[in-house]
Amino acid sequence: RGVFRVENGRVMNISVTDPQILSKLDIKTEDDLTQKFGKGDKTEQFGPDDPAVPFFFKDRWLHVIWDRKQSKVTAVNIGP
């Protein structure tokens with residue numbers, strides 16, 4: 001599952017939620033996520049029991065959703 005937006009012949013945003021594609025990132029822990037993408041620019045505070053945590057990487061227009069209960073990335077969004 002992927003969704004994208006095209007403007008003037010260019011892909012401006014893309015969202016990927018397909019589990020098979022996301023599994024190729026090989027991210028199994030929150031530490032793996034920060035090792036792969038760097039420290040996120042979190043805009044909100046989330047507690048240790050929150051089930052889904054968004055990580056924002058503003059310098060790359062990257063937004064990654066980490067599901068703590070399933071220990072996996074459930075979505076990657078790229079674009080402004």
Side-chain angles (χ1 to χ4, degrees):
R1 291 170 245 155
V3 178
F4 60 92
R5 184 185 71 178
V6 176
E7 288 181 10
N8 299 319
R10 294 180 59 199
V11 175
M12 300 303 294
N13 296 78
I14 189 165
S15 177
V16 178
T17 58
D18 185 306
Q20 290 181 329
I21 294 171
L22 294 172
S23 70
K24 302 232 184 260
L25 293 172
D26 195 33
I27 297 174
K28 296 179 178 39
T29 66
E30 286 185 49
D31 287 338
D32 289 348
L33 192 145
T34 56
Q35 285 179 6
K36 186 160 297 264
F37 295 113
K39 183 167 172 40
D41 305 310
K42 283 190 182 179
T43 57
E44 298 178 39
Q45 295 297 317
F46 292 88
D49 296 328
D50 289 321
V53 180
F55 286 82
F56 300 96
F57 302 90
K58 294 177 184 174
D59 62 328
R60 291 167 273 168
W61 292 347
L62 178 65
H63 177 206
V64 179
I65 303 293
W66 173 257
D67 187 311
R68 287 180 169 161
K69 289 186 178 187
Q70 297 181 48
S71 294
K72 66 180 186 178
V73 172
T74 55
V76 173
N77 303 299
I78 303 168

Aromatic plane relationship, Phe37 with Phe57 - under 30° parallel, 30 to 60° tilted, over 60° perpendicular: tilted
Shared hydrophobic cluster for Ile14 and Met12 (ILVMFWY, side-chain gaps under 4.5 Å): no
Contact summary for Leu62 and Val64, nearest pair of heavy atoms: CG-CG2, 4.0 Å
Side-chain heavy atoms of Trp66 within contact of Pro54, under 4.5 Å: no
Beyond-backbone contact of Arg68 with Pro51, side-chain heavy atoms, under 4.5 angstrom: no
Determine all donor-acceptor pairs shorter than 3.5 Å in which one atom belongs to a side chain in residues 72-80; sequence neighbours excluded.
| unit_1 | atom_1 | unit_2 | atom_2 | d |
| --- | --- | --- | --- | --- |
| Lys72 | NZ | Gln70 | OE1 | 3.2 |
| Asn77 | OD1 | Ser15 | OG | 2.5 |

Connected via hydrophobic side-chain network under 4.5 Å: Ile65 and Val16: no
Residues in salt bridge (Lys or Arg N to Asp or Glu O under 4.0 Å) contact with Asp26, at least two apart in sequence or another chain: Lys28
Interatomic spacing from OG in Ser71 to CG in Asp32 - rounded to 0.5 Å: 10.0 Å
Spacing of CZ belonging to Phe55 relative to CD belonging to Glu30, to within rounding of 0.5 Å: 4.5 Å
Asp18 side-chain N/O to Gln20 backbone N/O, donor-acceptor pair under 3.5 Å: yes
Heavy-atom closest pair, residues Leu25 and Lys36: O-CE, 3.0 Å
